[in-house]
**Student:** 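This is the structure I have questions about; it appears just below.
As the structure lists them, so they are numbered: ligands from 1, and atoms in each ligand from 1.
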Amino acid sequence: MPTILGQNQYGKAENRVVKITRDGDTHHIKDLNVSVALSGDLDDVHLTGSNANCLPTDTTKNTCFAFAKEHGIESAEAYGIALARHFVDSQPSIHRARIRIEEYSWERIAGSDAGSNFIGADEVKHSFVRKGQETRLAQITYSAEGAEGAKFEVLSGLKDLTVMNTTNSEFWGFIKDKYTTLQEDYDRILATSLSTWWRHSWTGETEEGGARPPQWNKSYEQAKKHILQAFVETYSLSLQQTLFQMGSRVINNRSEIDEIRFSAPNKHHFRQDLSAFGLENEAKDGAVYWAADRPYGLIEATILRDGAEQRIPVDMTNL
Ligand SMILES: O=c1[nH]c(=O)c2[nH]c(=O)[nH]c2[nH]1
């Protein structure tokens with residue numbers, strides 16, 4: 001049977017790039033997990049075995065480390081943009097580069113973390129503890145293909161941002177059929193572990209009068225702040241409604257962001273039935289819950305600026 005080659009891409013995945021910047025004896029850490037995926041004029045590599053157009057994955061790995069040293073890592077996005085541009089612009093056979101980055105955060109160990117005899121926060125210049133909160137994400141795609149010429153697409157995001165509201169959440173008025181057992185709930189826990197990607201409207205160059213790129217680090221912090229603030233402020237009638245409020249708040253407050261997609265497992269907390277022991281277990285009195293880990297409702301939604309195109313793939317969160 002004749003076969004044809006379909007979509008293909010290649011590159012070194014999960015390069016663990018750790019860059020220490022020394023500012024006197026005060027140190028700074030950038031800790032990234034960088035995956036490179038290249039595509040282009042690579043049919044021969046698959047069909048004939050000629051590697052003439054193949055930049056080795058080993059070289060893509062080396063480039064990740066060399067760029068961290070040569071250019072530093074001001075933000076995951078800026079670093080990814082430089083890498084993506086390099087692969088496409090330096091290699092005629094490579095037409096598209098996609099760089100995916102996870103960033104792990106570290107914070108300085110403070111006196112209170114290490115006990116009362118500790119030397120004090122001011123002196124902690126090179127000792128860090130890994131931050132337990134979310135993992136920051138970035139994906140940069142640079143493509144030489146297409147009528148409009150080379151373009152960047154920058155997605156930023158986060159995963160594992162676990163949040164809980166212990167009240168101000170209800171779920172009722174839903175469809176009831178013969179299989180429905182769920183009781184209406186007027187005071188429940190709402191908890192989720194957010195995965196989200198957002199797309200920046202910036203697509204171009206900095207030079208020659210092109211639009212300036214956003215300040216990536218500030219943009220990230222602000223987007224996260226608005227997500228969390230919406231979680232705090234929304235009186236929720238469903239996780240779906242909360243996600244829409246979070247997304248709208250980001251889009252309305254950040255002009256550089258046109259689209260945001262959420263994937264949010266509903267981390268169910270069911271009030272335990274303690275009636276067999278003669279115990280009431282009402283939310284209003286402070287209840288005991290059973291935190292079920294599976295199955296879980298999985299609520300996903302994209303929120304867009306009016307008129308913007310939906311471009312974040314729906315399965316984007318399952319990296
Ligand atoms: O916020 C919710 N959305 C649902 O669609 C749903 N379905 C369900 O059983 N519980 C919930 N909670």
Side-chain angles (χ1 to χ4, degrees), residues 132-135 137 155-199 223-254 257 259-276 279-306 308 310-319:
Q133 264 196 21
E134 85 283 2
T135 299
L137 305 171
L155 305 182
S156 301
L158 55 82
K159 66 175 182 179
D160 301 331
L161 184 64
T162 304
V163 288
M164 178 188 283
N165 275 329
T166 52
T167 189
N168 288 4
S169 167
E170 306 183 12
F171 189 65
W172 48 268
F174 43 80
I175 297 171
K176 286 146 198 119
D177 71 5
K178 65 179 181 175
Y179 299 114
T180 303
T181 57
L182 186 72
Q183 298 295 303
E184 300 201 323
D185 202 338
Y186 298 91
D187 190 355
R188 68 173 185 171
I189 284 180
L190 184 67
T192 185
S193 173
L194 286 170
S195 292
T196 168
W197 285 100
W198 54 90
R199 180 170 59 77
K224 179 182 156 190
K225 186 192 94 170
H226 286 299
I227 289 167
L228 290 176
Q229 207 148 350
F231 186 74
V232 171
E233 289 175 4
T234 302
Y235 190 103
S236 176
L237 298 177
S238 67
L239 181 50
Q240 288 91 325
Q241 187 204 23
T242 298
L243 293 188
F244 187 77
Q245 291 299 320
M246 289 175 173
S248 297
R249 193 175 166 119
V250 171
I251 302 281
N252 288 334
N253 285 282
R254 302 304 306 171
I257 298 172
E259 176 183 2
I260 181 164
R261 178 162 181 85
F262 292 96
S263 179
N266 193 349
K267 295 174 83 71
H268 301 296
H269 288 69
F270 298 114
R271 244 178 311 126
Q272 188 70 28
D273 181 359
L274 300 175
S275 57
L279 295 171
E280 292 209 349
N281 196 26
E282 296 298 321
K284 65 178 167 44
D285 303 320
V288 175
Y289 296 82
W290 158 48
D293 76 332
R294 65 190 74 175
Y296 49 88
L298 184 61
I299 314 296
E300 302 183 287
T302 300
I303 297 96
L304 296 154
R305 186 176 303 290
D306 194 9
Q310 184 173 317
R311 296 228 297 270
I312 301 175
V314 293
D315 59 355
M316 193 57 198
T317 34
N318 309 316
L319 287 180

**Student:** When rounded to the nearest 0.5 angstrom, what is the spacing between OG1 in Thr192 and NE2 in His268?
**Tutor:**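 Answer rounded to 0.5 Å: 10.0 Å.
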
**Student:** With a 4.0 Å heavy-atom cut-off, what residues sit around ligand 1?
**Tutor:**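 Contacting ligand 1 under 4.0 Å are Phe171, Leu182, Arg188, Ser238, Leu239, Gln240, Asn266.
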
**Student:** Give a yes or no on this: more than 12 heavy atoms of other residues, nucleotides or ligands lie within 6.0 Å of atom OH of Tyr289.
**Tutor:**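 Yes, the 6.0 Å shell around OH holds more than 12 heavy atoms from other groups.
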
**Student:** Would you mind telling me which of Ile227, Ile312, Thr302 makes a side-chain contact (heavy atoms from CB on, under 4.5 Å) with Ile260?
**Tutor:**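 Running side-chain contact (heavy atoms from CB on, under 4.5 Å) over Ile227, Ile312, Thr302 with Ile260 returns exactly one hit, Ile227.
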
**Student:** Are side-chain N/O atoms of Thr234 and Thr242 paired as donor and acceptor at under 3.5 Å?
**Tutor:**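 Note: Thr234 and Thr242 side chains miss the donor-acceptor criterion.
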
**Student:** CD of Glu282: more than 12 outside heavy atoms within 6.0 angstrom?
**Tutor:**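 Yes, the 6.0 Å shell around CD holds more than 12 heavy atoms from other groups.
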
**Student:** In this structure, are over 12 heavy atoms from other groups packed under 6.0 Å from Tyr296 atom OH?
**Tutor:**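 Counting other residues, nucleotides and ligands, OH of Tyr296 stays at 12 neighbours or fewer.
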
